[in-house]
Trainee: 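Please see the structure below; I have some questions.
In what follows, residues are counted from 1 in the order of the sequence shown.
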Amino acid sequence: MTIAGSRLDGVALVVGFGRGIGQQAAFSIAEAGARAIVFADMNEETAHASAEESKQYATNKQFESDVFVVNVKDEDKVGEMVDFVVSKFGRIDYAVNAAGIDNGVHTPIAETDLDNFDNIMKINTRGMLLCCRAQAAAMRKQEPKTFTSRNGSRDIGRGAIINVASANSFAGLPGKGSYTISKHACMGVTKMTGLDHAPEGIRCNAVCPVWVRTPLLDVELQRNPEVGAMISAMVPIKRAAESEEVADTITYLLSPSASYINGTSIMLDAALTTTVRLF
């Protein structure tokens with residue numbers, strides 16, 4: 001038996017899913033009972049494949065999936081993406097913003113490539129801001145929802161937004177300045193979205209994982225075994241997080257069970273950032 005508050009029943013927009021956290025978040029959202037999911041990404045082929053695969057996990061008999069091609073650097077296209085979801089499904093109940101890029105070559109601040117920095121900021125920070133802005137603008141026009149629990153009914157607002165940030169939103173790694181700065185800024189976007197729109201019944205939170213098992217990390221582990229040794233040495237439970245672990249946390253934060261959680265983050269780092277790891 002599942003906790004009633006963990007179920008979802010509305011329309012979700014997942015932005016920038018690729019083959020990692022965002023994709024698995026969409027599958028978890030489908031499992032939790034969502035009525036529809038729109039997969040938004042630059043790669044149309046991958047989007048269609050994931051949209052089709054999501055039907056395997058859906059538990060809502062009326063489940064639908066669709067695709068929208070978007071580059072989060074494009075303000076107009078982001079607006080069109082949100083309009084597409086609302087026009088087709090009537091509202092957006094859940095939004096997950098997972099578009100982002102890594103640092104590339106690790107360099108100290110004194111050697112920072114400003115073109116690379118600007119591109120990272122445009123995608124990781126400005127792109128997230130554009131998504132939150134458009135999503136909140138749509139959600140504020142919707143009718144609020146209520147949830148009936150064993151203790152009665154409560155207002156659960158007009159929508160929930162989850163931003164995929166990083167453990168680097170709170171701590172740095174040598175040479176990873178551009179990415180770290182962008183992810184610190186992502187927490188600013190998250191906090192202000194949650195703060196500004198809480199009176200309108202819109203929640204915004206972030207998940208902040210450390211190393212996560214994605215196809216990209218798997219390739220890196222095969223190419224460079226030292227990365228695996230570093231993860232084992234630094235992470236208290238000796239492994240990277242599974243994408244599903246992050247995805248299930250996202251789904252929880254979207255659900256009625258988390259209706260009083262707003263403007264904050266959940267760190268998924270197995271206690272890595274709580275202390276200095278010397279061995």
Trainee: Looking at side-chain heavy atoms only, is the closest gap between Val11 and Val85 below 4.5 Å?
Mentor: yes
Trainee: For the backbone of Arg213 and the side chain of Ser243, can you confirm whether one donor and one acceptor N or O come within less than 3.5 Å of each other?
Mentor: yes
Trainee: Does one hydrophobic cluster hold both Ile162 and Phe147, with members joined at side-chain heavy-atom distances below 4.5 Å?
Mentor: no
Trainee: In the hydrophobic clustering (ILVMFWY, side-chain contacts below 4.5 Å, transitive), which residues join Met128, or is it alone?
Mentor: Leu129, Val189
Trainee: Out of curiosity, Met139 CE to Ile202 CD1, how far, rounded to the nearest 0.5 Å?
Mentor: 6.5 Å
Trainee: Check whether Thr180 reaches the backbone of Gly177 with its side chain - one donor and one acceptor, N or O, closer than 3.5 Å.
Mentor: no
Trainee: Establish whether Met121 and Val78 are linked, either directly or via other cluster members, by ILVMFWY side-chain heavy-atom contacts under 4.5 Å.
Mentor: no
Trainee: Mind checking whether Val70 and Ile101 sit in one hydrophobic cluster, side chains of I, L, V, M, F, W, Y counted as touching below 4.5 Å?
Mentor: yes
Trainee: Atom OG1 in Thr46, atom CG in Asp41: separation rounded to 0.5 Å?
Mentor: 6.5 Å
Trainee: Please examine the side chains of Asn116 and Thr107, heavy atoms only from C-beta on, and report whether any two atoms are closer than 4.5 Å.
Mentor: no
Trainee: Can you name the closest pair of heavy atoms from Ala270 and Ile237 and give their distance?
Mentor: CB-CG1, 3.6 Å
Trainee: Look at the side chain of Asn103 and the backbone N and O of Tyr179, then say whether any donor-acceptor pair between them is shorter than 3.5 Å.
Mentor: yes
Trainee: Mind jotting down which residue pairs meet the ring-ring contact (aromatic ring centres under 6.0 Å, His included) criterion with at least one end in residues 71-114? Sequence neighbours excluded, please.
Mentor: Phe68-Phe84
Trainee: Taking only residues two or more places apart in sequence or in another chain, which ones pass side chain to side chain donor-acceptor pair (under 3.5 Å) with Asp269?
Mentor: Thr273
Trainee: Rounded to the nearest 0.5 Å, what separation is found between the OG1 atom of Thr251 and the CZ atom of Phe27?
Mentor: 12.0 Å
Trainee: Are Leu130 and Lys73 side-chain neighbours, meaning at least one heavy-atom pair lies under 4.5 Å?
Mentor: no
Trainee: Got Val69 and Lys77 here, is their nearest side-chain heavy-atom distance under 4.5 Å?
Mentor: no
Trainee: Hey, is NZ on Lys122 packed in by over 12 heavy atoms from elsewhere, all under 6.0 Å?
Mentor: no
Trainee: Do Leu254 and Val96 come close enough that some side-chain heavy atom pair is under 4.5 Å?
Mentor: yes
Trainee: Ion pair present between Asp93 and Arg35, side-chain N to carboxylate O less than 4.0 angstrom?
Mentor: no
Trainee: According to a hydrophobic-cluster definition based on side-chain heavy atoms being under 4.5 Å apart (Ile, Leu, Val, Met, Phe, Trp, Tyr only), do Phe117 and Ile123 belong together?
Mentor: no
Trainee: Of the non-hydrogen atoms in Ala26 and Val14, which two are nearest, and what is the gap between them?
Mentor: CB-CG2, 4.0 Å
Trainee: For Asn205, what residues pass the side chain to side chain donor-acceptor pair (under 3.5 Å) criterion, not counting sequence neighbours?
Mentor: none
Trainee: NZ of Lys55 to CD of Glu64: how many Å apart, nearest 0.5 Å?
Mentor: 9.0 Å
Trainee: Kindly indicate whether the side chain of Thr59, heavy atoms from C-beta on, has any atom under 4.5 Å from the side chain of Arg7.
Mentor: yes
Trainee: So which atom in Val15 and which in Cys131 form the shortest heavy-atom distance, rounded to 0.1 Å?
Mentor: CG1-SG, 4.1 Å
Trainee: Determine, for Arg133 against Glu75, whether the closest basic-nitrogen to carboxylate-oxygen distance falls under 4.0 angstrom.
Mentor: yes
Trainee: Given a cutoff of under 4.5 Å between side-chain heavy atoms of I, L, V, M, F, W and Y, with clusters grown through shared members, what are the other residues clustered with Met267?
Mentor: Phe170, Met187
Trainee: Residues in salt bridge (charged side-chain N to carboxylate O under 4.0 Å, His left out) with Lys191, at least two apart?
Mentor: none
Trainee: So, the side chain of Lys183 versus the backbone of Ala171: is there a donor-acceptor pair under 3.5 Å, distance only?
Mentor: no
Trainee: Are Val38 and Ile92 side-chain neighbours, meaning at least one heavy-atom pair lies under 4.5 Å?
Mentor: no
Trainee: Hey, quick one: are Leu173 and Leu272 part of the same hydrophobic cluster, counting side-chain heavy atoms closer than 4.5 Å, chains of contacts allowed?
Mentor: no
Trainee: Between the main-chain N or O of Asn168 and the side-chain N or O of His184, is there a donor-acceptor pair closer than 3.5 Å?
Mentor: yes
Trainee: Report the residues that fulfil side chain to side chain donor-acceptor pair (under 3.5 Å) with Glu244, sequence neighbours left out, ordered by chain and then residue number.
Mentor: none
Trainee: Asp118: what forms a side-chain contact (heavy atoms from CB on, under 4.5 Å) with it, not counting sequence neighbours?
Mentor: none
Trainee: Using modelled atom types only, decide if a donor and an acceptor are shared between the side chain of Glu200 and the backbone of Arg140 within a distance under 3.5 Å.
Mentor: no
Trainee: What residues, two or more places apart in sequence or in another chain, satisfy side chain to side chain donor-acceptor pair (under 3.5 Å) together with Arg150?
Mentor: none
Trainee: Taking transitive links into account, so neighbours of neighbours count too, which hydrophobic residues share a cluster with Leu195 at under 4.5 Å side-chain distance?
Mentor: Met192
Trainee: What are the two closest heavy atoms between Ser166 and Cys208, and how far apart are they?
Mentor: O-CB, 3.3 Å
Trainee: Any donor and acceptor pair, going by atom type alone, linking the side chain of Thr190 with main-chain N or O of Cys186 inside 3.5 Å?
Mentor: yes
Trainee: Supply the members, apart from Met42, of the Ile/Leu/Val/Met/Phe/Trp/Tyr cluster built from side-chain contacts under 4.5 Å; use none for a lone residue.
Mentor: none
Trainee: Looking at CG of Leu253 and CG of Asn163, how far apart are the two atoms once the value is rounded to the nearest 0.5 Å?
Mentor: 11.0 Å
Trainee: Using modelled atom types only, decide if a donor and an acceptor are shared between the side chain of Asp155 and the backbone of Gly157 within a distance under 3.5 Å.
Mentor: yes
Trainee: Applying the salt bridge (charged side-chain N to carboxylate O under 4.0 Å, His left out) criterion to Asp9, which one of Lys145, Arg91, Lys61 satisfies it?
Mentor: Lys145
Trainee: Mark yes when over 12 heavy atoms from residues, nucleotides or ligands other than Glu226 sit less than 6.0 Å from its CD; otherwise mark no.
Mentor: no
Trainee: Between Val246 and Pro209, which heavy-atom pair has the shortest distance, and what is it?
Mentor: CG2-CB, 4.0 Å
Trainee: Atom OG of Ser182 and atom CD1 of Ile120: how far apart are they, to the nearest 0.5 Å?
Mentor: 6.0 Å
Trainee: Side chains of residues 255-263: which donor-acceptor pairs under 3.5 Å do they make with residues two or more places apart or in other chains?
Mentor:
from: Ser255; atom 1: OG; to: Gly5; atom 2: O; distance (Å): 3.3
from: Ser255; atom 1: OG; to: Tyr252; atom 2: O; distance (Å): 2.7
from: Ser255; atom 1: OG; to: Ser257; atom 2: N; distance (Å): 3.3
from: Ser257; atom 1: OG; to: Gly5; atom 2: O; distance (Å): 3.1
from: Ser257; atom 1: OG; to: Ser6; atom 2: N; distance (Å): 3.4
from: Ser259; atom 1: OG; to: Arg154; atom 2: NE; distance (Å): 3.0
from: Ser259; atom 1: OG; to: Pro256; atom 2: O; distance (Å): 3.0
from: Asn262; atom 1: OD1; to: Cys204; atom 2: N; distance (Å): 2.8
from: Asn262; atom 1: ND2; to: Gly194; atom 2: O; distance (Å): 2.9

Trainee: Over all heavy atoms of both residues, which pair between Asn97 and Cys132 is shortest? Give the atoms and the distance, please.
Mentor: ND2-SG, 3.7 Å
